[in-house]
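As structure tokens, the structure follows; a few thoughts come after it.
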Amino acid sequence: MGLALASANQLFPSNKLRSAIRNAFELERLMYSDTLGTWCDYCDISSSAMAMNGLCSGAPGMGSVYLKLHAWGISDFDDDLEKAINKVISTEIMPRDHYCCGNSASIEFLFDAGRELNRPELSQDALRRLKEVTVRKSANGEFTFLPERYENYSPLGLLNGLSGVGHLLLKADNSSLNCLLL
């Protein structure tokens, strides 16, 4: 939310937008849970004790936002960026590989952070994770996406399918590709 407003403010500078940007980032900071060590997932509003390590909510998504701000020369969120990096590197490979809330989000974030922050160890961790995902794919015959209960699901989609994983595989070969959604 905050990054979208900040992007709009670059095109159409406004005091009202700047105030909304501050409020949005304050709200996003409030979503961080010290207990969970990441940003809460409020998809299920009955619980604030849930979190996922994904692009849509969690460390890879919030970290990508803070990384973009860092690239713009805004360092106010560098501590939050480090929290996101630490959460991602402390979380091992997940059961799903898709881009939304699967391994692809974490791997892309590590590729981007390694490049932007000139921290090759993050890029190396991204490559290690990508290798684990592709080895598992070779063993199982396919990448893993949504749970089996999703019967009418096309595995070709960008966020929950092969297109997002394909982007990640291209990025492994050309790290200058930008974050898919930012």
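We number each residue from 1, following the sequence as shown.
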(request) Not counting sequence neighbours, list each pair that qualifies as a ring pair (Phe, Tyr, Trp, His ring centres under 6.0 Å) and has a residue in residues 14-35. (result) Phe25-Phe77, Tyr32-Trp39
(request) Mind checking side chain to side chain donor-acceptor pair (under 3.5 Å) for Thr38 and listing every partner two or more places apart, or none if nothing turns up? (result) none
(request) Can you sort out the partners of Asp97 under side chain to side chain donor-acceptor pair (under 3.5 Å), two or more places apart, ordered by chain and number? (result) Asn103, Arg136, Thr144
(request) Considering non-hydrogen atoms only, spot the tightest contact between Leu158 and Ser163 and give its length. (result) CA-CB, 3.7 Å
(request) Kindly write out the residues that satisfy side chain to side chain donor-acceptor pair (under 3.5 Å) with Asp78, not counting sequence neighbours, or none if the list is empty. (result) His70
(request) Quick one: which residue pairs count as a ring pair (Phe, Tyr, Trp, His ring centres under 6.0 Å) with a foot in residues 113-139, not counting sequence neighbours? (result) none
(request) State which residues pass side chain to side chain contact (heavy atoms under 4.5 Å, CB included) with Ala20; sequence neighbours excluded, sorted by chain then number. (result) Leu5
(message) Tell me which pairs pass salt bridge (charged side-chain N to carboxylate O under 4.0 Å, His left out) where either residue lies in residues 17-38, with sequence neighbours left out.
(response) Arg29-Asp80
(request) Not counting sequence neighbours, which residues clear side chain to side chain contact (heavy atoms under 4.5 Å, CB included) with Ser7? List them please. (result) Leu3, Trp72
(request) Return the minimal non-hydrogen interatomic distance between Leu17 and Ala8, and the atom names on each side. (result) CD1-C, 4.0 Å
(message) Is there a path of hydrophobic side-chain contacts, each under 4.5 Å between heavy atoms, that joins Phe145 and Leu168?
(response) yes
Side-chain polar contacts of residues 119-126 - donor-acceptor pairs under 3.5 angstrom, sequence neighbours left out - could you list them?
residue : atom : partner : partner atom : Å
Arg119  : NE   : Glu121  : OE2          : 3.2
Arg119  : NH1  : Glu82   : OE1          : 3.3
Arg119  : NH1  : Glu82   : OE2          : 2.6
Asp125  : OD1  : Arg128  : NE           : 3.0
Asp125  : OD1  : Arg128  : NH2          : 2.7
Asp125  : OD2  : Arg129  : NE           : 3.0
Asp125  : OD2  : Arg129  : NH2          : 3.4

(request) List, by chain and number, the other hydrophobic cluster members for Phe12, where Ile, Leu, Val, Met, Phe, Trp and Tyr join if side-chain heavy atoms come within less than 4.5 Å, directly or indirectly. (result) Leu11
(message) Is there a side-chain contact between Arg96 and Ser104 in this structure, where contact means two heavy atoms from C-beta onward sitting under 4.5 Å apart?
(response) no
